[in-house]
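Scroll down for the structure; my scribbles are underneath it.
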2 protein chains.
Amino acid sequence: MTTHTAPGWVTALEQAKGPLGRGSTAERIADVLRTQVTDGHIAPGTRLSEETVGAALGVSRNTLREAFRLLAHERLLVHELNRGVFVRTPHPDDVTELYRLRRLIEGAAVREVAGAPDRAIDEIRRSVEEGEQAAAEQRWPDVATADLHFHRAIVRLAGSPRLEAFMDRIHAELRLAFHATGDPQRFHAPYLNRNRELLTALQTRDTRQAEIHLTAYLDDSERQLLRTLHDTAHP
Amino acid sequence: MTTHTAPGWVTALEQAKGPLGRGSTAERIADVLRTQVTDGHIAPGTRLSEETVGAALGVSRNTLREAFRLLAHERLLVHELNRGVFVRTPHPDDVTELYRLRRLIEGAAVREVAGAPDRAIDEIRRSVEEGEQAAAEQRWPDVATADLHFHRAIVRLAGSPRLEAFMDRIHAELRLAFHATGDPQRFHAPYLNRNRELLTALQTRDTRQAEIHLTAYLDDSERQLLRTLHDTAHP
DNA sequence: ACCGTATGGATTGTTCAACGATCCATCAAG
DNA sequence: CTTGATGGATCGTTGAACAATCCATACGGT
């Protein structure tokens, strides 16, 4: 008879099949729209006509509406009854709340570094090097995404996939605010040194020092974003 | 000429109209299904046929699918491609993560009590009294919802509507796990005293003591839930 | 000019019917 | 016992249709 408990390679397959099982059409459409919005190719405030977008992407209205629901639930789009969906225009109050959330959650995640596996720290280190490399070659968009990866890896210290997904949405919403300013790409460059310092603090498990660097980063970033947002609003 | 900056009563109207502006049919259907699921009237694992449910609620399949997307995104339902939607069956690993999240976030929220307005503390007090009253009258379901309100009010200390919405979903998912056990209602009754103690700690702004009571509550609750869940799985 | 109303076009909200794709249970063959 | 084929049920997606709603415009009274 065969073994009754599943052999190791079976569970390995189960984990690998995740990305394989492609989503439905609505989810793939949602993926397309999400990257278009978070990359700033569709400006905040833009109205997404069901007919126009549906024709452009080659899907029916019903399917497109499912995708819209997805993205509206992620707060990237706002759904106004009988008026349609629009790319969200972030309000300064939203920015304030987003940073309050980051302070709360990324701060709590940093405090969990004691029980985190080395693999998690390595991931943070890799994102820092990724950013430094991109900056050395003046690839500013890549610097921005590396910064995203950096904070994503920090959240991962908490060890909760649900929290990761939640913070992914928070970070995506924040990118919307960046794009509402003029030049979103150079935004992240000044913080490369701070990320490196935060990394070394984490590597030595110096929770106190790590929290100091983190809140300093978040405070400065919030101040700069709010100021730029205010300037572009009153030109 | 009229004032160019909006008078106070205008913004008051804007806030009040929230509940008035009824949602779409899909959202109302989602509300119905959500309460049915979180109240345990539809058991975990149940398959929700588009045709059957659509006929029962009097909406078309397309509209129903929009509601399903909503609830699947809230993790109350699981959407399997070409198989349909099912009421989520919580796994013990999920329970572990849910409690890890509660420790992390409710703990961080408690730490914010210093900067919280008195109104926030009052809301917590009210939920405690609500639970004590319900328990005195043996209304156990109301005890459970009061406990929910209690923790909801704690999360509100953090001052982030997005975090509140997130934790609402976490708590809803947890109710699913409660319903997977036999008697979900008496679950919350033993913790009334602890809630009262946690409240007094918060009222005196004793952060340290509040955290102790909170983690004690969460640890015990998690242990009890996991044990009961394990027992019912192997009867 | 100012205000309320009516009118019409455009877009969304919702339903319905249809067809292909996929899953699942069943059964037959090896 | 495994493999492969068959058929039914359900989902995935589309296209069309109609009602409901919003918006801009024009009209008429003051």
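In the text below, chain A, chain B and the rest are named by the order of the sequence lines, each starting its count at 1.
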Donor-acceptor pair, distance only, cut-off 3.5 Å: does the side chain of [X] make one with the backbone of [Y]?
X	Y	value
B/Thr63	B/Ser60	no
B/Arg156	B/Ala120	no
B/Thr96	B/Pro92	yes
A/Asp94	A/His91	yes

Just list the side-chain donor-acceptor pairs under 3.5 Å for residues 40-48 of chain B, sequence neighbours left out, or say none.
{"residue": "B/Thr46", "atom": "OG1", "partner": "B/Ala43", "partner atom": "O", "Å": "2.5"}
{"residue": "B/Arg47", "atom": "NE", "partner": "B/Arg83", "partner atom": "O", "Å": "3.4"}

Test item: side-chain donor near acceptor, B/His73 and B/Arg169, under 3.5 Å | no
Judged by modelled atom types alone, do A/Arg69 and B/Ser24 share a side-chain donor-acceptor pair under 3.5 Å?
-> yes
Verdict with supporting geometry, A/Phe178 and A/His188, ring-ring contact (aromatic ring centres under 6.0 Å, His included) = CA-CA 10 Å; A/Phe178 287 144; A/His188 305 266; 5.0 Å; yes
5' to 3' on DNA chain C, which nucleotides open and close the contacts with chain B (atom under 4.0 Å from a heavy atom)?
-> C/dT14 to C/dC24
Quick one: list whatever passes side chain to side chain donor-acceptor pair (under 3.5 Å) with A/Asp220, sequence neighbours left out.
-> A/Arg194, A/Arg223
Only pairs at least two apart or in different chains count here, so list each side-chain hydrogen bond (donor to acceptor under 3.5 Å, both in side chains) that has a residue in residues 48-59 of chain A.
-> A/Ser49-A/Thr52, A/Glu50-A/Arg61, A/Glu50-A/Arg65
Please list, by residue number, the residues of residues 57-70 of chain B whose heavy atoms come closer than 4.0 Å to an atom of DNA chain C; answer none if no residue qualifies.
-> B/Gly58, B/Val59, B/Ser60, B/Arg61, B/Asn62, B/Thr63
Expected rows: protein N/O vs nucleotides 5-10 of chain D N/O, under 3.5 Å:
{"residue": "D/dT10", "atom": "O3'", "partner": "B/Arg47", "partner atom": "NH2", "Å": "2.6"}

